Amino acid sequence: MKFFVDSADLEQITLLNDIGLADGVTTNPSIIAKSGRDFKQVIAEICAIVDGPVSAEVIATEAEKMIAEGRELRKIANNICVKLPLTMDGLKACKTLSSEEIPTNVTLCFSANQALLAAKCGATFISPFIGRLDDITQDGIELIEDIRMIYDNYGFETEILAASIRNVNHIKECALVGADVITSPPDVIRKLAEHPLTEQGLAGFMKDWATTGQSIL
Ligand code: E4P
């Protein structure tokens with residue numbers, strides 16, 4: 001399973017990239033607004049840090065403008081993936097940009113039928129938002145399972161990019177049901193390494209080692 005970092009925080013992206021935990025990056029207009037940075041500039045800097053796809057989202061809502069924005073964003077770097085909303089206009093833009101071999105990430109997916117449409121339009125990635133479904137008491141992981149089955153039934157190559165990850169259990173559940181990619185805030189990725197017994201065990205080893213008076217280096 002690939003790990004994308006859902007952030008425009010260059011420091012956090014670099015930290016995770018350095019340990020092989022940033023196979024790509026996703027952003028959205030809210031993340032860019034939070035960064036306080038110039039959109040194209042911050043995206044260019046992210047693209048220079050990671051080798052994998054960096055999702056940059058269009059702002060237009062009409063297909064022709066989305067296509068123009070997508071082409072413009074793609075000029076920033078070779079690893080730009082154009083993010084498009086799951087609307088009929090977004091699907092039309094997806095079809096056109098995909099036919100030009102521009103990678104696409106169709107976002108704001110909340111149903112298996114929407115994911116089916118994105119795959120038929122040639123999306124590189126589909127982004128089901130599991131946290132936002134959980135927020136309204138619908139099962140986000142069940143949606144990932146349904147999309148997995150549909151894509152496998154028909155051999156669609158669109159990758160399932162589980163988004164709106166809120167906690168470590170979301171990541172485990174996504175791995176269990178076969179999501180191709182998760183995109184997660186950096187703090188949730190770091191929490192995957194934590195366990196109280198690991199901390200407790202390490203403290204015990206260090207205490208006992210100190211009694212030996214030895215050193216390795
Ligand atoms: C990723 O592509 C999405 O923009 C992101 O995961 C949304 O997460 P949120 O629901 O926590 O805003």
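Only a predicted model underlies this, so the values are computations on that prediction, with no experimental measurement involved. We count ligands from 1, going down the list as the structure has it; atoms in each ligand are counted the same way.
Some N or O of Arg166 is nearer than 3.5 Å to an N or O of ligand 1, by distance alone. In terms of N/O distances under 3.5 Å, ligand 1 is not approached by Thr107. Some N or O of Arg132 is nearer than 3.5 Å to an N or O of ligand 1, by distance alone.
With respect to the salt-bridge test (charged N to carboxylate O, under 4.0 angstrom), the residues Lys65 and Asp89 do not qualify. Look at Glu100 and Arg74 and you find no salt bridge, because none of the NZ, NE, NH1 or NH2 atoms lies under 4.0 Å from a carboxylate O.
Interface atoms of ligand 1 facing Ala163, defined by a heavy-atom separation under 4.0 Å, are 1 (C), 6 (O). Close approach of ligand 1 to Lys83 is summarised as follows: ligand atoms under 4.0 Å from at least one heavy atom of the residue are 1 (C), 2 (O), 3 (C), 4 (O).
Side-chain contact check for Ser127 and Thr107: no donor-acceptor pair (N or O, by modelled atom type) lies under 3.5 Å.
The single protein non-hydrogen atom nearest to atom 5 (C) of ligand 1 is Asp6 OD2, 2.9 Å, given as residue, atom name and distance. The protein heavy atom nearest to atom 4 (O) of ligand 1 is Asn28 ND2, 2.6 Å. Protein heavy atom nearest atom 7 (C) of ligand 1, with residue, atom name and distance: Phe129 CE2, 3.7 Å.
Heavy atoms from both the backbone and the side chain of Ser164 come within less than 4.0 Å of ligand 1.
Ser164 contributes no side-chain N or O that, together with a main-chain N or O of Phe129, makes up a donor-acceptor pair within less than 3.5 Å. No donor-acceptor pair under 3.5 Å is formed between the side chain of Asp6 and the backbone N or O of Thr183. Within the 3.5 Å criterion, the main-chain N or O of Ser111 finds a donor-acceptor partner in the side chain of Gln114.
Annotation: side chain of Val181 is not in contact with side chain of Phe3 (no heavy-atom distance under 4.5 Å).
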